[in-house]
Amino acid sequence: MNLLNTEQWLGLATGILFGFLLQKGRVLRFDKQIGALLLQDMTILKFMLSSILVGMVGILGLSELGIITLSHKPMNVGAVLVGGTLFGAGWAVMGFCPGTSVGALGEGRWHALFAIAGMVVGAAIYAEIYPLLQTTVLTWQDYGKIGLPQALGLSTWLVVAAFWGVTLLLFLLFEKRGL
Amino acid sequence: MLLTSNDGGWSPYLAGALLGILAIVSVLATTQLLGKTTYLGASTTFVRAAGFLEQAVTERDLSENAYFTKTKIKVDWQFMLVVGIFFGAFISSVTDRSFRFEMVPPIWRKRFGPSIGKRAIGAFFGGIVAMIGARLADGCPSGHGLSGMMQLSVSGLVALVMFFVVGVLVAAFVYNRRSS
């Protein structure tokens, strides 16, 4: 099938499974996303944290075996703090994130179309202001592509164990409070 | 309970854990088949989509733009991943009958009323701000939140905390005010 190349077929197949699981977990909906931000319904956190718990063991293990390579995004202070703030604010009004907006459209939530249009415009604006950001916000401080174990000077598996412990306690709290 | 949710879906713990396995398999598959370890993400695709649209609508030569030089305009793995999310959600929702046409979601309606126009404006401008933030931070809840945390990246953790803390504050301000 020459319609798509291997890379594109692989992306499509992975995306279909990704979208299927997002929908089955019921995390695509505006009310689930905003429900979490209003601290009323922790479905999306349960979903995200469960995937992180499982995924981290496999990915860090495969990396230690030399089978895959990690690809940390840079810890650029201005980028992550200002960008994180803007994302959080926009997310709270939009009620979708980039990945879930497309899935929400797939399950019939058509107002996601406006969110997707806004995000495409936002991406175009970003491309225009990028040169300006390169000489301002992005120059503040860059700690580079670092991992948590490295930054803390601890063994990877100790950090993984601590993360599992804290997350499982959080899950218990969610269930106890009926969130 | 632990395997299903009360609305006919799967427990978020189960669906999430399966996504964790998918993330591991995907990292292995991209490494083996494409020769480069590639992680789940979504927001870069919006840059590429913007690039395609700008090229189609305007005659501008985008090769002069520093950001489009860095993020080449092409239909890559992640672009098709985002397309796939649409079809996966469609298949899942149609087969378990949770597919619903919705223009104004309940929480929004409670605060701002049934106006589709208001919802459209909120979604559109929220989308602009969120995407500028995601590109500046170099990731969204998929790239930073899932993939970053799975690798224990410092940037992933800080970004995810920022997303939620600011999101909680802004959501409280936007949705909890009494309607006058």
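Chain letters run A, B, ... following the sequence lines, proteins first and then strands; every chain starts at 1. Computation of the quantities below employed the complete heavy-atom set of this structure, encompassing side-chain atoms and omitting hydrogens, waters and symmetry-equivalent molecules.
- Scanning both residues, A/His111 and B/Val104, for their nearest heavy atoms gives CD2-N, 4.4 Å.
- Both the backbone and the side chain of A/Ile59 come within contact range of chain B, each with at least one heavy atom under 4.5 Å from a heavy atom of that chain.
- For CZ of B/Phe68, the number of neighbouring non-hydrogen atoms (other residues, nucleotides, ligands) closer than 6.0 Å is greater than 12.
- Residue B/Leu62 does not touch chain A at all, counting heavy-atom pairs closer than 4.5 Å.
- In this structure, CD on B/Gln32 lies 11.5 Å from CG on A/Leu10, to the nearest 0.5 angstrom.
- In this structure, the side chains of A/Lys73 and B/Tyr39 stay at 4.5 Å or more apart for every pair of heavy atoms.
- Between the OG1 atom in A/Thr167 and the CE atom in B/Met149 there is a gap of 7.5 Å [rounded to 0.5 Å].
- Going from atom CE of B/Met162 over to atom CG of A/Leu86 covers 9.5 Å, rounded to the nearest 0.5 Å.
- Ring geometry for B/Tyr175 versus A/Phe30: interplanar angle over 60°, hence perpendicular rather than tilted (30 to 60°).
- Contact of A/Arg109 with chain B is made through backbone and side chain together, with heavy-atom distances under 4.5 Å.
- A salt bridge does not link B/Lys110 to A/Asp31: none of the charged side-chain nitrogens sits closer than 4.0 Å to a carboxylate oxygen.
- Of the residues considered (B/Ala66, B/Gly84, B/Gly156, B/Gly51), B/Gly84 shows the highest number of contacts with chain A, using heavy-atom pairs under 4.5 Å.
- Here the closest non-hydrogen pair linking B/Ala17 and A/Ser50 is N-CB, 3.8 Å.
- Partners of B/Trp77 under the ring pair (Phe, Tyr, Trp, His ring centres under 6.0 Å) rule, at least two apart in sequence or in another chain, do not exist in this structure.
- Proximity to chain B among residues 90-97 of chain A is limited to A/Gly90, A/Trp91, A/Ala92, A/Val93, A/Met94, A/Phe96, A/Cys97, judged by heavy-atom separations below 4.5 angstrom.
- For chain B, no part of A/Leu53 is nearby; none of its heavy atoms comes within less than 4.5 Å.
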> Where do A/Tyr126 and B/Val47 land on the side chain to side chain contact (heavy atoms under 4.5 Å, CB included) test, with the steps shown first?
Replying inline: CA-CA 9 Å; A/Tyr126 185 77; B/Val47 177; 5.8 Å; no

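- Interface remark: of the candidates B/Ala42, B/Ala29, B/Ala120, B/Ala120 forms the most heavy-atom pairs closer than 4.5 Å to chain A.
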>> Does A/Ile67 form a side chain to side chain contact (heavy atoms under 4.5 Å, CB included) with B/Thr31? I'd like the steps, not just the answer.
In response: CA-CA 8 Å; A/Ile67 297 171; B/Thr31 307; 5.6 Å; no

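- Proximity to chain B involves both the backbone and the side chain of A/Leu81, based on heavy atoms less than 4.5 angstrom apart.
- The candidate with the highest count of non-hydrogen atom pairs below 4.5 Å against chain A, out of B/Ile121, B/Leu169, B/Val75, B/Val83, is B/Val75.
- Counting only heavy atoms from C-beta outward, the side chains of A/Ser51 and B/Met150 approach each other to under 4.5 Å.
- In this structure, A/Leu37 and B/Ala171 approach most closely via the heavy-atom pair CB-CB, 3.7 Å.
- Between A/Val102 and B/Val82, the closest heavy-atom pair is CG1-O, 3.3 Å.
- Under the side chain to side chain contact (heavy atoms under 4.5 Å, CB included) rule, B/Leu19 has a single partner from A/Leu17, A/Val27, A/Leu21, which is A/Leu21.
- Considering all non-hydrogen atoms of both residues, A/Phe87 and B/Ala134 come closest at CD1-CB, 3.8 Å.
- The choice from B/Val170, B/Leu152, B/Val129 that makes the most heavy-atom pairs within less than 4.5 Å of chain A is B/Leu152.
- If you measure heavy-atom distances from A/Ile125 to chain B, the contacts under 4.5 Å come from the side chain alone.
- Contact check for B/Val154 versus A/Val80: no side-chain heavy atoms found under the 4.5 Å cut-off.
- Residues B/Leu146 and A/Phe18 are in side-chain contact: their nearest non-hydrogen atoms beyond the backbone lie under 4.5 Å apart.
- Chain A forms more heavy-atom pairs under 4.5 Å with one residue of B/Gln78, B/Lys36, B/Arg48, B/His144 than with any other, namely B/His144.
- Between B/Leu14 and A/Lys24 the shortest side-chain heavy-atom distance does not fall below 4.5 Å.
- A distance of 7.0 Å separates OG in B/Ser142 from CE in A/Met48, rounded to the nearest 0.5 Å.
- Side-chain polar atoms of B/Ser92 and A/Gln23 form a donor-acceptor pair below 3.5 angstrom.
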>> The test is side chain to side chain contact (heavy atoms under 4.5 Å, CB included); show your working for A/Ile44 and B/Phe164 and say whether it passes.
In response: CA-CA 11 Å; A/Ile44 67 167; B/Phe164 271 96; 4.2 Å; yes

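- For A/Trp157, the CH2 atom counts as densely surrounded, since its 6.0 Å shell holds more than 12 non-hydrogen atoms of other residues, nucleotides or ligands.
- At distances below 3.5 Å, at least one donor-acceptor pair connects side-chain atoms of B/Thr37 with backbone N or O atoms of A/Thr69.
- With A/Glu7 contributing its side chain and B/Leu34 its backbone, the two residues share no donor-acceptor pair below 3.5 Å.
- A heavy-atom distance below 4.5 Å is not found between the side chains of A/Pro98 and B/Thr45.
- Across every non-hydrogen atom of A/Gly88 and B/Val166, the tightest pair is C-CG1, 4.0 Å.
- B/Tyr67 is not listed as a side-chain neighbour of A/Ile129, based on a closest heavy-atom distance of 4.5 Å or more.
- For A/Tyr130, the part lying under 4.5 angstrom from a heavy atom of chain B is the side chain only.
- Using a 4.5 Å cut-off between heavy atoms, A/Leu113 does not touch chain B at all.
- Looking at A/Gln33, neither its backbone nor its side chain comes within 4.5 Å of chain B, counting heavy atoms on both sides.
- For a residue to count as touching a neighbouring chain, one of its non-hydrogen atoms must lie under 4.5 Å from one of that chain's; by this rule A/Leu49 does not touch chain B.
- Looking at A/Ser101, the atoms closer than 4.5 Å to chain B (heavy atoms on both sides) all sit in the side chain, from C-beta outward.
- Proximity to chain B involves both the backbone and the side chain of A/Ala127, based on heavy atoms less than 4.5 angstrom apart.
- In this structure, B/Leu28 CG and A/Leu62 CG are separated by 5.0 Å, a value rounded to the nearest 0.5 Å.
- Atom CZ of A/Phe174 sits in a crowded spot, with more than 12 heavy atoms from other residues, nucleotides or ligands closer than 6.0 Å.
- For a residue to count as touching a neighbouring chain, one of its non-hydrogen atoms must lie under 4.5 Å from one of that chain's; by this rule A/Ile52 touches chain B with backbone and side chain alike.
- For chain B, the nearby parts of A/Leu12 are the backbone and the side chain; heavy atoms of each come within less than 4.5 Å.
- Looking at heavy atoms from C-beta onward, B/Ile107 lies in side-chain contact with A/Leu38 at the 4.5 angstrom threshold.
- Between chain A and the residues B/Ser98, B/Ser43, B/Gly41, the largest count of heavy-atom pairs under 4.5 Å involves B/Ser98.
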> Would B/Leu18 and A/Phe20 count as a side chain to side chain contact (heavy atoms under 4.5 Å, CB included) if you check the C-alpha gap in whole Å, the side-chain angles of each, and the deciding distance to 0.1 Å?
Replying inline: CA-CA 11 Å; B/Leu18 290 172; A/Phe20 189 89; over 6 Å; no

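- For A/Phe114 and B/Phe124, the ring centers are positioned 6.0 Å apart or more.
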